Peer 1: 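Have a look at the structure that comes next, please.
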Amino acid sequence: MIKRIFSTSYLSILLVMLYAPILIIIIFSFTESKVLGNWTGFSFKLYTSIFHGGIHHSLTKALWNTLIIGLIAAFISMVLGTMAAIGIYNLMPRAQRAIKMMNTIPILNPDIITAISLFLLFVSLGFTQGYATVILAHITFCTPYVVLSVLPRLRRMNPNLYEAALDLGATPFVAVRRILLPELKPGMISGFILAFTLSIDDFVVTLFTIGNQGLETLSTYIYADARRGGLTPELRPLSAIIFITVLLLLLAINQRAAKKKL
Amino acid sequence: MSNLKSFMGRRRNWTIPYALFLVLFVLLPLVIIVYYAFTNIDGKFTLDNIKKFWIHPEAMQVFLYSVVVAFITTILCILIGYPAAYILSKMEQQKAKLLIILFVLPMWVNFLIRTLATVALFDFLKIPLGEGALIFGMVYNFLPFMVYPIYNILQKTDQSLIEAAQDLGANPRQVFFKTVFPLSIPGITSGIIMVFMPVISTFAIAELLTINNIKLFGTTLQENIYNGTWNYGAALSLFMLVFIGATILLNREGSSKAAEEGTLI
């Protein structure tokens, strides 16, 4: 009994600590003050002003850029990574190991090394930095995760199914579409979600590959803000909305998974 | 066209686009780092960038300082995270899953915003910003990366081994230290890989939590690239790469596990 109380309170204390800063952001999203931590009375004004253009146009634009880059990078990573996983699965052991090893480099490299190496690559190749370079950079660090989430699905499936489809006269492309893809779908979806998350969350790699043409994503926008010493007040309600949305989504998914099990 | 069809008909060839992509965007950039590290601005071979490590040891001092900060952070993450992972692994799976989600969720709020909120919290509690705040901020940011892999391995631990230890007369403490803990070491190693390196190379967090008084190695790297001293920046990156490579080689199994673990966070 005592053990149980101890366990519960230990976890609770940790969670309270982890959530304290987020609670602060949510609480102070309901006041108009410019400085975080300064309460100047309850107000919804910040929430309404995110959705009005005008002065905060650059914030909305950064938000859109983040989402567009995330979706494109996640989609390309999903296609490239799934193809790669199917290929890797059918490779000879030695080649398989070599590719898998290369695949882990972007995962184990700290962000800043990936960022600097890609920055120097784009500079050396003479690429103008902007949308394209950010998306390429994001594909670089997202695809390995897609490969890793699709490979286990391949290992779990019956390897003879594909051959059987071919023997029964399906062309390779039909066999892939009708046999492989349905089996791999869950892995592809979780790979896509993971890639999207990594992309919109990324800051370091984006900062180094975004160039100086005025393109901004949410994280570079926040960084520029933080360096100037303050945070655009509208970022508080925006973070609160993102956080609550993700919280509800994850809880809903968890609920559904729990129901399925019963 | 029919050539292409028969070529792509062999599934192992499907690796080729990604293999090319990896060569162009992962291997080539690393080669370019090496190239920049050993050349000067005019592209001529030189060892000056490497010599600068000990002629102007500021960067190396920052590196050592970062290693110490990363070490303390990692130890604290293990000390705080292990009990949490252990408690979670003893719970019903459904409940534990929900709590794991709660541990990972704060990462959905941009880390710069979270760090600024931590600064506001410290201000409010009148805690001075500085080294202590830095360590707290790091532990706060990286704790989930330690809890998850340890939980994962504890939860997969073969219960019959624990029962066997009990049957053979081990008391609870012995069961833990002689059976549970040794079996969970791979989880700790992947946690270490996911915490230690990233802490050394973070930038921005340290500046915000210490009002620009302390910088970590990541900031040194970033400053060199931003100030245009790319060759020296590349040399420092190469130093970091060698350091990472050595850690990974020393710890092959843990690293490949860490890589797979990464999929789940």
Side-chain angles (χ1 to χ4, degrees), chain A residues 7 10-11 14-15 17-22 24-25 36-37 80-81 83-84 86-88 90-91 99 102-113 116-121 124 136 140 143 145 148-149 172 194 201 203 208 218-219 222-223 226 231 235 239 242-243 246-247 250 254 258, chain B residues 9 11-15 17-19 21-22 25-30 32-33 36 83-84 87 94 97-99 101-103 105-106 108-110 112-114 116-118 120-121 123-124 140 197-198 201 203-204 208 218 221-222 225 230 233-234 237 240-241 244 248 255-256 259-260 262-263:
Chain A
S7 315
Y10 185 76
L11 287 184
L14 274 188
L15 284 173
M17 266 172 52
L18 279 175
Y19 279 85
I22 292 169
I24 288 193
I25 295 166
L36 182 62
L80 187 65
M83 273 183 71
I86 296 173
I88 289 171
N90 290 292
L91 279 177
I99 294 268
M102 278 216 276
N103 191 53
T104 53
I105 295 177
I107 301 179
L108 293 175
N109 254 354
D111 286 354
I112 192 130
I113 301 287
I116 292 178
S117 71
L118 285 169
F119 169 81
L120 291 176
L121 174 81
S124 308
L136 278 172
T140 309
T143 314
Y145 291 95
L148 286 182
S149 60
L194 193 71
D201 219 34
F203 158 60
F208 276 83
L218 215 46
S219 52
I222 296 165
Y223 178 62
L231 212 53
L235 281 169
S239 311
I242 294 174
F243 177 76
V246 177
L247 175 72
L250 283 177
N254 197 280
Chain B
R11 274 167 299 159
R12 74 170 98 114
N13 291 338
W14 288 37
T15 329
Y18 186 50
F21 184 87
L22 282 173
F25 290 100
V26 176
L27 288 190
L28 183 61
L30 295 181
I32 290 177
I33 286 193
Y36 269 90
I87 294 169
Q94 209 52 49
K97 253 192 187 155
L98 192 75
L99 283 167
I101 290 179
L102 287 180
F103 268 97
L105 201 60
W108 269 88
V109 174
N110 183 289
L112 287 166
I113 295 188
R114 271 187 291 142
L116 286 170
T118 318
L121 182 69
D123 273 347
F124 181 71
Y140 167 67
M197 288 298 165
S201 60
F203 81 96
L208 292 177
L221 290 174
Q222 185 249 357
I225 298 296
W230 295 350
S237 309
M240 178 94 200
L241 265 172
I244 299 163
I248 290 173
S255 358
S256 62
E260 302 215 359
T263 356

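Keep in mind it's a predicted model, so treat the numbers as computed, not measured. Letters A, B, ... mirror the listed sequences (proteins, then strands); counts begin at 1.
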Peer 1: Could you check which of A/T143, A/I242, A/L235 has the highest count of heavy-atom pairs closer than 4.5 Å to chain B?
Peer 2: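 Maximum pair count with chain B is reached by A/T143.
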Peer 1: Can you tell me how far OG of A/S219 sits from CG of B/L112, rounded to the nearest 0.5 angstrom?
Peer 2: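 The CG atom of B/L112 sits 7.5 Å away from the OG atom of A/S219.
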Peer 1: If you look at every heavy atom in B/P106 and A/Y19, which pair is closest and at what distance?
Peer 2: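 Result for this residue pair: CD-OH, 3.5 Å.
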Peer 1: Would you mind checking which part of B/L121 comes under 4.5 Å of any heavy atom in chain A, side chain (CB onward), backbone (N, CA, C, O), both or neither?
Peer 2: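 Both parts, heavy atoms under 4.5 Å.
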Peer 1: I'd like to know which of B/I244, B/I225, B/T118 tops the heavy-atom pair count under 4.5 Å against chain A.
Peer 2: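 Result: the option with the highest number of such pairs is B/I225.
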Peer 1: Select, from A/L91, A/I24, A/L120, the one with the greatest count of heavy-atom pairs under 4.5 Å involving chain B.
Peer 2: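 Most heavy-atom pairs within the cutoff with chain B belong to A/L120.
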Peer 1: Under a 3.5 Å distance rule, please check whether B/Y140 uses its side chain to pair with a backbone N or O of A/M17 as donor and acceptor.
Peer 2: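 A pair under 3.5 Å: no.
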Peer 1: What's the separation between atom CG in B/L28 and atom OG in A/S124, rounded to the nearest 0.5 Å?
Peer 2: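 Atom-to-atom, B/L28:CG and A/S124:OG are 8.0 Å apart.
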Peer 1: Between CD1 of A/I22 and CD1 of B/I113, what distance do you get to the nearest 0.5 Å?
Peer 2: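 One gets 10.5 Å once the value is rounded to the nearest 0.5 Å.
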Peer 1: Mind checking whether B/Y18 and A/N103 have side chains closer than 4.5 Å, heavy atoms only?
Peer 2: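 Counting from C-beta outward, B/Y18 and A/N103 do come under 4.5 Å.
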Peer 1: Grab the two heavy atoms, one from A/M83 and one from B/W14, that are nearest each other, plus how far apart they are.
Peer 2: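 In terms of heavy atoms, the two residues are closest at O-CB, 3.5 Å.
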Peer 1: What distance do B/L208 atom CG and A/Y223 atom OH have between them, rounded to the nearest 0.5 Å?
Peer 2: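 These two atoms lie 8.5 Å from each other.
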Peer 1: If you count heavy-atom pairs under 4.5 Å between each of A/I25, A/I105, A/I88, A/I116 and chain B, which one has the most?
Peer 2: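 Top count of heavy-atom pairs under 4.5 Å with chain B: A/I116.
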Peer 1: I need the residue from B/L105, B/L98, B/V26, B/L22 with the largest number of non-hydrogen atom pairs under 4.5 Å to chain A.
Peer 2: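 Greatest number of close heavy-atom pairs with chain A: B/L105.
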Peer 1: To the closest 0.5 Å, what do you measure between OG (B/S237) and CD1 (A/I113)?
Peer 2: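 Those atoms lie 4.5 Å apart.
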Peer 1: Heavy-atom distance under 4.5 Å between the side chains of A/N109 and B/L30, does that happen here?
Peer 2: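 SC-SC contact between A/N109 and B/L30 confirmed.
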Peer 1: Given that the side chain runs from C-beta out, which part of B/F103 has a heavy atom under 4.5 Å from chain A: side chain, backbone, both or neither?
Peer 2: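 Contact with chain A: backbone and side chain both.
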Peer 1: Just how far is it from atom CZ of B/F25 to atom CG of A/L136, taken to the nearest 0.5 Å?
Peer 2: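 Rounded to the nearest 0.5 Å, the CZ-CG separation comes out at 4.0 Å.
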Peer 1: Does the side chain to side chain contact (heavy atoms under 4.5 Å, CB included) test come out yes or no for A/L15 and B/L99, once each step is laid out?
Peer 2: CA-CA 9 Å; A/L15 284 173; B/L99 283 167; 3.8 Å; yes
Peer 1: Given the options B/A120, B/A204, B/G233, B/P83, which has more heavy-atom pairs under 4.5 Å with chain A than any of the others?
Peer 2: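 It is B/P83.
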Peer 1: Please name the pair of heavy atoms, one in A/S7 and one in B/I87, separated by the smallest distance, quoted to 0.1 Å.
Peer 2: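 Nearest heavy atoms, A/S7 then B/I87: CB-CG2, 3.5 Å.
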Peer 1: So, for B/A117 and A/P21, which heavy atoms are closest and what is the spacing to 0.1 Å?
Peer 2: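 Taking every non-hydrogen atom into account, CB-O, 3.4 Å.
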